[in-house]
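Every number for a ligand or one of its atoms is a count from 1 in the order of the listing.
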Amino acid sequence: MKIYNSLTRKLETFTPNEENTVRMYTCGPTVYHYAHIGNLRTYIFEDILEKGLEYLGYNVLRVMNVTDVGHMTSDADTGEDKMQKGAQRENKSVYEIANFYEAAFFSDCAKLNIRKPSVVERATSHIDTYIKMIQKLLDTGYAYQSNGNIYFDVTKSNNYYQLSGKKPEELFIGVRETVEEDKNKKNPYDFGLWFTVSKFSNQEMKWESPWGIGYPGWHIECSGISYKFLGEYLDIHCGGVDNIFPHHTNEIAQSEAFLGHKWCNYWVHGEHLNDSAGKMSKSKGEFLTVDLLEKKGYHPLAYRFFCLNSHYRNQLVFSYEALEGSQNAYKKLKKRIKQLDKKTLPLSDKTDFYITKFKEAISNDLNTSSMITLVYDVLKDDELNDYTKLHLIDHFDEVLSLDLIEEEKTIDEDIEAMIMKKISERNAAKKNKDYEKADKIRAELLEKGIKIIDGRDKTTYEII
Ligand code: AMP
Ligand code: ZN
């Protein structure tokens, strides 16, 4: 497989440390709010990478963290604590916020057919590991204590600028512009490993440590969890491009200082989803969530289809028009597949040809749009019987995960009439501002496994 490695800025042939086994780490969500669909684009790409590697025959050991402590509103150590901010916003405890948004994140993932990694670990569950690592970094002179906090000294790292490819002066401009200065640091990009001096009087999450009661910095959690669950050598580390600096740069610095050797061979980054105004945000403009898309009548898998039609290393601009186009194409594709005759027949001779083509698309730096084109090619190919077409599409869908051959749930005519009657009663109640009645009808149907979807122009339903 060829994959683009951000570390070398080259397309490289992928060779794992251990034959046939891939150790893969992906940075997880910061659970202080819902994930926006931009965040979820990154998880879709990582899901396809994992499933693509499996399709090529690798055994993938994948670990992901859940950030429930330490991430500031700035990716450096300054700004507000994201979790505290979430707790204040909703008048809840940090733990309640973390539990709620972690569950919401995995529910969004399930709707998008993003498989949960086999190991998912909360940052707050491994404080002992971070303490052990930080102690070693102090003992070996990579870290220092200053005014109660522990910092990593980036001047001790000989390849600190490799991943970002930036010169120190260039990074410094960024630091100066966006970040208030922390006077305890020796160098501007030294980063916090452990804080005992919190600037937040109401800091809820804190633990005992050899340096006093405090909490870990953001970056150490990924180095710690990866080390604990995947060992000293990592094959692939993923995230969105914004993670390159400072998060992944700092992960490399501290992990390699701790381990005493190179840590991860391939760094794979997904480009952003932007809205027409630029960068997607949770606080500015319309907060685009899976839930919002559903309320507007879009199927989550139409969004997955939209993402897969572009390459993970290209920026993608979101618009409802573009999503509408994807949804129409997706529905049309599913309809064409549904019309195929399911009768069992011998597989056509060209089956292997298409399987090889599909593997080539995966191996070509995860070319998801070519994978989708192959689905259309298979449908068009007169030399393939319907059974072979279904067989191939079913195979491809192991990676694409678009439910291309999902059995439609059929519905009895009387039940359909009952649902439509309830929907019009509910619409009338909404019109009369009788929201209590409207909510009651929605709940009544939901109890029967029927979910009402309020679209922009009309109300539809889904059997769940
Ligand atoms: P966070 O929950 O903020 O830690 O981010 C979760 C993931 O989403 C990280 O891998 C980020 O790099 C990624 N991410 C953030 N913004 C975007 C975006 N607009 N498009 C794609 N990925 C993003
Ligand atoms: Zn991380």
Side-chain angles (χ1 to χ4, degrees), residues 6 24-47 49 62-75 79-83 85-86 97-98 101-102 104-106 108-109 112 114 117 120-123 126 130 163 191 216-227 229-230 234 236-255 263-264 267-289 303-304 306-307 310-318:
S6 312
M24 174 172 171
Y25 186 87
T26 50
C27 291
T30 307
V31 285
Y32 71 112
H33 215 322
Y34 292 107
H36 60 53
I37 58 170
N39 301 129
L40 290 159
R41 181 188 183 201
T42 293
Y43 297 104
I44 290 173
F45 127 69
E46 292 165 348
D47 181 62
L49 177 57
R62 176 165 170 209
V63 176
M64 185 171 91
N65 66 308
V66 170
T67 300
D68 55 358
V69 67
H71 194 173
M72 301 295 138
T73 45
S74 147
D75 277 350
E80 289 175 83
D81 178 311
K82 287 191 176 185
M83 296 303 299
K85 203 176 156 187
I97 290 290
Y101 287 110
E102 181 183 322
F105 172 75
F106 285 113
D108 284 346
C109 286
L112 291 163
I114 297 169
V120 174
E121 289 292 327
R122 293 179 184 167
H126 303 286
Y130 319 143
L163 182 67
F191 56 92
W218 171 37
H219 317 294
I220 193 72
E221 69 182 75
C222 289
S223 289
I225 291 173
S226 165
Y227 168 63
F229 293 92
L230 292 167
L234 200 57
I236 301 181
H237 194 311
C238 298
V241 282
D242 57 306
N243 281 162
I244 292 177
F245 184 81
H247 186 47
H248 291 166
T249 297
N250 293 349
E251 277 189 48
I252 295 175
Q254 66 202 1
S255 284
W263 172 44
C264 177
W267 288 81
V268 186
H269 291 102
E271 253 301 344
H272 273 188
L273 176 82
N274 298 322
D275 53 27
S276 51
K279 199 169 179 278
M280 195 154 289
S281 155
K282 295 187 188 188
S283 49
K284 282 183 241 119
E286 191 176 37
F287 182 6
L288 291 163
T289 58
Y303 175 66
R304 185 175 173 107
F306 168 72
C307 291
S310 81
H311 193 259
Y312 76 93
R313 281 201 290 123
N314 290 337
Q315 286 189 5
L316 181 59
V317 177
F318 176 81

*Who's closest to atom 13 (C) of ligand 1 heavy-atom-wise, of L288, T26, I244, T42?*
T42
*Atoms of ligand 1 close to P29 [distance to a heavy atom under 4.0 angstrom, numbered from 1]*: 2 (O)
*Go through ligand 1 atom by atom and flag the ones less than 4.0 Å from a non-hydrogen atom of N243.*
9 (C), 10 (O), 11 (C), 12 (O)
*Is T30 touching ligand 1 with its side chain, its backbone, both, or neither, if touching means heavy atoms under 4.0 Å apart?*
both
*Would you mind running through ligand 1 and noting each atom that sits below 4.0 Å from a heavy atom of G240?*
10 (O), 12 (O)
*May I ask you to check whether D242 and H272 show a side-chain donor-acceptor distance below 3.5 Å?*
yes
*Would you call the rings of W267 and H237 parallel, tilted or perpendicular, where under 30° means parallel and over 60° means perpendicular?*
parallel
*Is there a side-chain contact between Y227 and W263 (heavy atoms, below 4.5 Å)?*
no
*May I ask you to decide if A123's main-chain N or O and Y130's side chain share a donor-acceptor pair within less than 3.5 Å?*
yes
*Does any donor atom in the side chain of Q254 or H219 lie under 3.5 Å from an acceptor atom in the other side chain?*
no
_Does any N or O of ligand 1 fall below 3.5 Å from an N or O anywhere on Y43, backbone included?_
no
_With heavy-atom distances below 4.5 Å as the criterion, would you say the side chains of Y101 and T30 are in contact?_
no
_Yes or no: does T67 have any heavy atom under 4.0 Å from an atom of ligand 1?_
no
*Any N/O/S atom, backbone or side chain, of C222 lying under 2.8 Å from the Zn ion (ligand 2)?*
yes
*Can you tell me the protein heavy atom closest to atom 20 (N) of ligand 1 and the distance?*
L273 N, 2.9 Å
*What is the nearest protein non-hydrogen atom to atom 12 (O) of ligand 1, stated with its residue, atom name and distance?*
D242 OD1, 2.5 Å
*Measure the spacing between CZ of R62 and CG of L49 and express it to the nearest 0.5 Å.*
8.0 Å
_Given E271, H272, Q315, identify the one with the heavy atom nearest to atom 17 (C) of ligand 1._
H272
*Is a side-chain donor-acceptor pair under 3.5 Å present for N39 with Y34?*
no
*How does H36 reach ligand 1, if at all, at less than 4.0 Å between non-hydrogen atoms: by side chain, backbone, both, or neither?*
side chain
_H219 backbone or side-chain N/O/S under 2.8 Å from the Zn ion (ligand 2)_ = no
*So, is G38 polar-close to ligand 1, with some N/O to N/O distance under 3.5 Å?*
yes
_Could you work out, with side-chain hydrogen bond (donor to acceptor under 3.5 Å, both in side chains) as the rule, every residue matching H311, not counting sequence neighbours?_
none
*Look only at the side chain of Y43 and the backbone of I114, and say whether a donor-acceptor pair between them is shorter than 3.5 Å.*
no
*Please state which protein non-hydrogen atom is closest to atom 5 (O) of ligand 1 and give its distance, to 0.1 Å?*
N39 ND2, 3.5 Å
